[in-house]
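As the structure lists them, so they are numbered: ligands from 1, and atoms in each ligand from 1.
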Amino acid sequence: MEFLSVQHLSKVYGDGNNQVRALDDVSFTMPKGQFLAIVGSSGSGKSTLLHILGGVDRPSKGKVYLEGEDIFAQDENQLAIFRRRQVGLIYQFYNLIPVLNVIDNMTLPVLLDGGTVDVSRLHSLIETLGLQNREKNLPNQLSGGQQQRVAIGRAILNNPAIVLGDEPTGNLDSKNAREIVALLKKANREYGQTLIVITHDESVALQADRIMTLHDGKIIKDEVIR
Ligand SMILES: Nc1ncnc2c1ncn2[C@@H]1O[C@H](COP(=O)(O)OP(=O)(O)O)[C@@H](O)[C@H]1O
Ligand SMILES: [Mg+2]
């Protein structure tokens, strides 16, 4: 059984004359622990695909199986639980809560889910992310690179099966971008997390195990590079 299996996925936004086909019959599979980079011009459907894989949006047609389970066969409640427990999402602009410090931002999703924070994992993650001595800082007291490291910590603290990044380095200079990709790769290797990252940056894509190119909602290239 494949870890992730995407079958004939289509997504159409709007209706009548305003229809946009954001995804057009997309199919692929991924083994557990693979690092996939998704590239393609603006409007090619990258974010739409990522949002569907994360259970944030539903497809118009097609299926997504994670470890054999049809994720969209679930009702809204089950899907919300799937998102909280199995998916870690990282965005370009971090989306941290401005009034919460580093620790509280990182632990919020686990607490909202009624879970208990694994304190030793939290502290080892803080060290891995280079956020020691920043635990009590608010987001506006951190650099962009540090904020993105908090967002990564938040996304992976509860050990999700799949980590999804929508241009996570898009707002960072090249040094910070390299560090963020190195951290994502480290988590990918150490925790066996399957990682999918959308990027415009060729140096980021070349860090992946596989590069997929989207164009007009279709996969036009899909290469395993390591
Ligand atoms: N919520 C939405 N409503 C209507 N059209 C959308 C919506 N989200 C995305 N689209 C359209 O779908 C297409 C793919 O968008 P998107 O997945 O964001 O592309 P990318 O991330 O590759 O830039 C674009 O034409 C975009 O305008
Ligand atoms: Mg996008």
Please table the atom pairs, donor to acceptor, closer than 3.5 Å between any side-chain atom in residues 85-100 and protein atoms at least two apart or in another chain.
| unit_1 | atom_1 | unit_2 | atom_2 | d |
| --- | --- | --- | --- | --- |
| Arg85 | NE | Asp113 | OD2 | 2.9 |
| Arg85 | NH2 | Asp113 | OD1 | 3.4 |
| Tyr94 | OH | Asn171 | ND2 | 2.9 |

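- Residues Met212 and Tyr65 fall into different hydrophobic clusters, defined by Ile, Leu, Val, Met, Phe, Trp and Tyr side chains chained together at heavy-atom separations under 4.5 Å.
- Applying the 6.0 Å contact sphere to NZ of Lys221 captures no more than 12 heavy atoms from other residues, nucleotides or ligands.
- Every side chain to side chain donor-acceptor pair (under 3.5 Å) that Asp201 has, sequence neighbours left out, goes to Ser203.
- Within 6.0 Å of NE2 on His215 lie no more than 12 heavy atoms contributed by other residues, nucleotides or ligands.
- Protein residues with a heavy atom under 4.0 Å from ligand 1 are Tyr13, Val20, Ala22, Ser41, Ser42, Gly43, Ser44, Gly45, Lys46, Ser47, Thr48.
- Put simply, the side chain of Gln19 never gets that close to the backbone of Val12: no donor and acceptor are under 3.5 Å apart.
- A salt bridge does not link Lys186 to Glu179: none of the charged nitrogens lies less than 4.0 Å from a carboxylate oxygen.
- Shown are the protein N/O/S atoms under 2.8 Å from the Mg ion (ligand 2), given by residue and atom: Ser47 OG.
- Applying the 6.0 Å contact sphere to CG of Asn133 captures no more than 12 heavy atoms from other residues, nucleotides or ligands.
- Judged by a 6.0 Å distance limit and a 45° cone about the ring axis, Arg210 is not positioned over the six-membered ring of Phe28.
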